[in-house]
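Written below as structure tokens is the structure these notes are about.
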Amino acid sequence: MLKRVVLGVSGASGAVIALRIGELLASLPDVELHLVVSEAAKRTFAHELGPDALGRLVEFARHNYPANDIGATIASGSFRTAGMIVAPCSMRSVAAIATGLSDNLLTRAADVHLKERRKLILLARETPLHLGHLRNMVAVTEMGATIMPPVPAFYRRPETITDIIDHIAARAIDQLDLGQPPLAVEWDGDA
């Protein structure tokens with residue numbers, strides 16, 4: 001059965017994580033990737049990964065929507081999905097989602113996932129955090145979203161930045177529970 005997944009990309013630092021999530025989702029059988037990239041994310045992609053990086057992400061998507069297309073399919077609760085990941089998720093996007101401010105397609109799609117009680121995974125990206133950031137993260141968590149800061153798992157003893165990115169991307173996708181074996185290597189204790 002085909003599973004639709006929405007990937008929202010906001011303007012926070014961490015474009016490489018979005019690129020890897022898109023690549024992994026596109027490689028999964030029966031997953032259809034729907035992509036929305038904010039205007040700020042386009043700038044971040046170019047700065048962090050170069051002028052061609054966003055084009056690589058778009059190639060992974062079955063559907064790519066302009067951020068101002070409030071009438072897109074992913075803006076409606078009747079368009080069923082397996083969930084949505086926002087990676088990276090800026091504090092501006094967290095605030096908009098927490099307050100129901102659906103002023104662009106990314107935040108509208110996230111709002112739809114909350115109201116339809118679908119999985120919404122937010123890779124919240126900022127440091128340090130002030131009280132407003134924390135309150136907004138609590139609010140979206142109380143509404144049903146999962147806050148998943150892209151924090152490295154050093155106990156896995158990563159040898160490269162790519163190892164860290166791969167683990168974060170796999171964990172985010174695993175949160176959607178798409179019915180495939182976990183992408184992230186499971187911890188086996190001290191074995």
Side-chain angles (χ1 to χ4, degrees), residues 5-27 33-70 72 74-75 84-99 101-111 113 120-130 132-134 136-137 140 145-154 156 158-173 175-176 183-184:
V5 175
V6 178
L7 175 59
V9 184
S10 77
S13 183
V16 68
I17 297 169
L19 186 61
R20 185 62 176 139
I21 288 171
E23 182 179 16
L24 288 172
L25 284 169
S27 74
L33 180 58
H34 293 256
L35 178 66
V36 58
V37 179
S38 75
E39 291 302 314
K42 292 176 184 177
R43 183 174 179 171
T44 304
F45 251 81
H47 179 76
E48 292 183 356
L49 301 175
D52 300 326
L54 185 57
R56 293 195 330 256
L57 177 61
V58 169
E59 287 178 12
F60 296 130
R62 176 79 58 91
H63 300 279
N64 177 35
Y65 307 94
N68 64 354
D69 186 4
I70 292 297
I74 61 173
M84 179 175 182
I85 298 173
V86 182
C89 188
S90 67
M91 284 300 128
R92 184 254 180 245
S93 294
V94 171
I97 295 164
T99 58
L101 179 61
S102 300
D103 62 342
N104 63 52
L105 184 57
L106 189 153
T107 56
R108 171 61 187 165
D111 190 61
H113 280 78
L120 176 62
I121 314 303
L122 307 177
L123 274 70
R125 181 54 200 92
E126 188 58 77
T127 191
L129 300 166
H130 62 62
H133 296 152
L134 295 169
N136 287 331
M137 288 191 287
V140 296
T146 298
I147 296 290
M148 187 183 161
V151 177
F154 290 112
R156 303 231 42 99
E159 295 181 8
T160 66
I161 292 173
T162 300
D163 292 342
I164 294 169
I165 293 162
D166 285 349
H167 185 74
I168 291 167
R171 289 287 316 257
I173 293 168
Q175 287 292 310
L176 294 176
L183 296 175

Worked verdict on Leu123 versus Ile21 for side chain to side chain contact (heavy atoms under 4.5 Å, CB included): CA-CA 11 Å; Leu123 274 70; Ile21 288 171; 4.3 Å; yes
Stepwise side chain to side chain contact (heavy atoms under 4.5 Å, CB included) check, Leu24 with Asp166: CA-CA 9 Å; Leu24 288 172; Asp166 285 349; 5.7 Å; no
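Checking His47, Arg125, Glu126 one by one against Ser13, the side-chain contact (heavy atoms from CB on, under 4.5 Å) holds for a single residue, Arg125. Residue Val86 forms a side-chain contact (heavy atoms from CB on, under 4.5 Å) with just one option from Leu7, Leu106, Val9, and that option is Leu106.
The CG atom of Leu57 sits 4.5 Å away from the CZ atom of Phe45 when rounded to the nearest 0.5 Å. To the nearest 0.5 Å, atom CG of residue Leu122 and atom CD1 of residue Ile147 are 4.5 Å apart. Between the CG atom of Leu25 and the CZ atom of Arg20 there is a distance of 10.5 Å, given to the nearest 0.5 Å.
Nearest heavy atom pair, residue Leu120 against residue Ala110, reads CD2-O, 3.7 Å. Nearest heavy-atom pair across Leu35 and Ala61 is CB-CB, 3.7 Å. Taking each heavy atom of Ile70 and Leu105 in turn, the nearest pair found is CD1-N, 3.6 Å. Phe60 approaches Gly22 most closely through the heavy-atom pair CB-O, 3.7 Å. The nearest pair of heavy atoms linking Ser38 to Ala67 is CA-CB, 4.0 Å. Of all the heavy atoms in Pro88 and Ala12, the pair that sits closest is CG-O, 3.1 Å.
Looking at Asp111, its side chain never comes within 3.5 Å of a backbone N or O of Thr107 through a donor-acceptor pair. In this structure a side-chain-to-backbone donor-acceptor pair under 3.5 Å is present from Glu48 to Gly14. Although no hydrogens or angles enter the test, the distance criterion places a donor-acceptor pair under 3.5 Å between the side chain of Asp163 and the main chain of Glu159. A donor-acceptor pair under 3.5 Å is absent between the side-chain atoms of Thr146 and the main chain of Ile121, judged by distance alone. In terms of modelled atom types and a separation under 3.5 Å, the side chain of His133 and the main chain of His130 share a donor-acceptor contact.
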Taking only distance into account, with no hydrogens and no angle test, what donor-acceptor pairs under 3.5 Å do side-chain atoms of residues 89-99 form with protein atoms, sequence neighbours excluded?
from	atom 1	to	atom 2	distance (Å)
Ser90	OG	Ser93	N	3.0
Ser90	OG	Ser93	OG	3.1
Arg92	NH2	Asp103	OD1	3.2
Arg92	NH2	Asp103	OD2	2.5
Thr99	OG1	Ala95	O	2.9
Thr99	OG1	Ala96	O	3.4

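The number of heavy-atom neighbours closer than 6.0 Å to CZ of Arg43, taken from other residues, nucleotides and ligands shown, is 12 or below. A 6.0 Å sphere centred on CG of Leu134 holds more than 12 heavy atoms belonging to other residues, nucleotides or ligands.
The shortest distance between side-chain heavy atoms of Leu129 and Met137 falls below 4.5 Å.
Contact check on Glu59 versus Arg56 returns no salt bridge, with no Lys/Arg side-chain nitrogen under 4.0 Å from an Asp/Glu carboxylate oxygen.
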